[in-house]
Amino acid sequence: CANTSFVQVEIFLLNLTGEYIQCLDTYLKNEKMENRVESIFSFIDKVLKQIRDSKDTKKLSSFKEEVLQRIVQLSQLSIPEVVNLCHQWYDSDNMLIIDKLQDNLELQLQYIEAILDSYKEEDFSEKNKETEIYLSLLTKHIDLLCKLEKIEEILPNLKKRPSYPVETC
């Protein structure tokens, strides 16, 4: 209990002094914190809004880069929150997050599945950037299922989304 109080005071002081990166790291290393996942993502969003509103683009870019450097840890906490973070603060550049997760194929697969689930089954026959991204995600999804030896999941996934680029896979 005393340790939890100390951590809360430490977070408060780091936040107060603008030491946002150390504050984020303190959140990430303290696994026993109550409402930890919610607190971490709420903190990131609050800081990003605060920096954006101050119109300090250099500081905003720097903090966003620091968050990206911790994207594996954040993904281990909550893929849906990372998807939301990407949508709100990284211009929905899912490929950026996918690239950052390249050393953890299981997390990469979970992230791609979350993105694919967010797509409505639309008509992707029209060639545009959105279609290209969607088809790229589908191809990467199948590739990861194969790499992770989840062969039994491939056919159900193919049936689930009629727009899979089977010939590309």
Side-chain angles (χ1 to χ4, degrees), residues 11 14-15 18-33 35-120 124 128-151 153-154 157 160-161 163-165 168-169:
I11 287 171
L14 288 169
N15 194 18
E19 301 294 330
Y20 302 128
I21 296 158
Q22 286 111 321
C23 191
L24 176 58
D25 288 338
T26 302
Y27 271 117
L28 288 169
K29 74 180 177 188
N30 287 286
E31 296 177 6
K32 294 180 180 164
M33 183 184 299
N35 300 317
R36 180 174 174 240
V37 173
E38 181 183 317
S39 297
I40 290 171
F41 287 97
S42 175
F43 167 75
I44 292 169
D45 189 58
K46 184 183 87 164
V47 169
L48 286 167
K49 285 177 182 171
Q50 187 176 331
I51 296 171
R52 178 199 61 204
D53 292 348
S54 74
K55 303 199 186 324
D56 187 341
T57 55
K58 186 176 180 184
K59 193 173 188 178
L60 182 62
S61 289
S62 175
F63 187 73
K64 285 172 68 173
E65 186 56 40
E66 292 291 336
V67 170
L68 279 177
Q69 289 179 20
R70 291 154 179 81
I71 208 68
V72 171
Q73 287 175 278
L74 294 168
S75 296
Q76 290 168 335
L77 294 173
S78 174
I79 291 287
E81 289 289 349
V82 171
V83 169
N84 187 40
L85 183 70
C86 177
H87 177 69
Q88 285 189 304
W89 293 103
Y90 295 90
D91 299 320
S92 296
D93 187 355
N94 292 306
M95 297 316 237
L96 176 68
I97 306 298
I98 291 167
D99 288 344
K100 292 287 183 183
L101 296 173
Q102 70 184 356
D103 292 334
N104 191 320
L105 298 182
E106 190 65 46
L107 283 176
Q108 198 178 50
L109 177 65
Q110 290 174 28
Y111 185 82
I112 289 171
E113 287 175 343
I115 297 302
L116 289 174
D117 288 344
S118 72
Y119 278 94
K120 305 286 184 250
F124 287 102
N128 59 32
K129 185 156 179 73
E130 188 72 16
T131 301
E132 287 178 36
I133 291 169
Y134 180 73
L135 293 175
S136 173
L137 287 170
L138 291 174
T139 303
K140 182 73 174 167
H141 185 236
I142 292 293
D143 182 50
L144 286 169
L145 288 172
C146 291
K147 282 181 182 173
L148 294 170
E149 298 181 18
K150 296 188 177 196
I151 306 300
E153 293 180 30
I154 294 174
N157 273 289
K160 187 169 146 182
R161 294 181 178 87
S163 52
Y164 260 113
T168 306
C169 298

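Since the structure is predicted, the reported quantities are computational estimates derived from the model, not experimental observations.
- More than 12 heavy atoms of other shown residues, nucleotides or ligands fall within 6.0 angstrom of atom CG in D53.
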> Run the side-chain contact (heavy atoms from CB on, under 4.5 Å) check on V82 and F41 step by step: do they pass?
Replying inline: CA-CA 8 Å; V82 171; F41 287 97; 4.0 Å; yes
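- By the 4.5 Å heavy-atom criterion applied to side chains, Y20 and I51 are counted as neighbours.
- Expressed to the nearest 0.5 Å, how far CG of L116 lies from OG of S118 amounts to 7.5 Å.
- Residues satisfying the side-chain contact (heavy atoms from CB on, under 4.5 Å) criterion with L105, sequence neighbours excluded, are Q108, L144, K147, L148.
- Although no hydrogens or angles enter the test, the distance criterion places a donor-acceptor pair under 3.5 Å between the side chain of S61 and the main chain of T57.
- Here CG of L107 is found 13.0 Å from CD of Q102. Values are rounded to the nearest 0.5 Å.
- No side-chain heavy atom of L96 sits less than 4.5 Å from a side-chain heavy atom of D91.
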> When you look at T139 and D143, which way does the side-chain contact (heavy atoms from CB on, under 4.5 Å) test go after all the steps?
Replying inline: CA-CA 6 Å; T139 303; D143 182 50; 5.6 Å; no
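- Taking CD1 of I115 as the start and CD1 of I112 as the end, the distance is 9.0 Å to the nearest 0.5 Å.
- Residues W89 and V67 have side chains not in contact (no heavy-atom distance under 4.5 Å, counting atoms from C-beta outward).
- Two residues are said to be in side-chain contact when any heavy atoms from C-beta on lie closer than 4.5 Å; Q76 and N104 meet this criterion.
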>> What verdict does the side-chain contact (heavy atoms from CB on, under 4.5 Å) test give for E113 and L145, after you've listed the backbone C-alpha separation in whole Å, the side-chain angles of each residue and the deciding distance to 0.1 Å?
In response: CA-CA 11 Å; E113 287 175 343; L145 288 172; 4.3 Å; yes
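- Residues satisfying the salt bridge (Lys or Arg N to Asp or Glu O under 4.0 Å) test with D93, not counting sequence neighbours, are none.
- Distance CD/Q50 to CG/D45: 11.5 Å, rounded to 0.5 Å.
- At a threshold of 4.5 Å between non-hydrogen side-chain atoms, the residues L109 and H141 count as touching.
- Rounded to the nearest 0.5 angstrom, K49 NZ and S54 OG are separated by 14.5 Å.
- Considering only heavy atoms from C-beta on, K46 comes within 4.5 Å of N15 through its side chain.
- With hydrogens and angles disregarded, no donor-acceptor distance shorter than 3.5 Å links the side chain of S136 to the backbone of E132.
- Taking the six-membered ring for Trp and thresholds of 30 and 60 degrees, Y27 and F43 have ring planes inclined between 30 and 60 degrees apart.
- Heavy atoms only, all atoms of each residue included: K64 and L48 are closest at CG-CD2, 3.5 Å.
- Sparse packing is recorded around CD of E38, with 12 or fewer heavy atoms of other residues, nucleotides or ligands lying under 6.0 Å away.
- Closest of all the heavy-atom pairs between I44 and F63 is O-CE2, 4.2 Å.
- Judged as a salt bridge (charged side-chain N to carboxylate O under 4.0 Å, His left out), the pairs with a partner in residues 70-87 (not counting sequence neighbours) are, in order, D25-R70, E66-R70.
- Side-chain contact between L101 and S75 is present, with at least one heavy-atom pair separated by less than 4.5 Å.
- Between I97 and L85 there is no side-chain heavy-atom pair separated by less than 4.5 Å.
- Looking only at distances, no side-chain donor or acceptor of R52 sits under 3.5 Å from a matching main-chain atom of L60.
- Once rounded to the nearest 0.5 Å, the distance linking CE of M95 with CG of L137 reads 5.0 Å.
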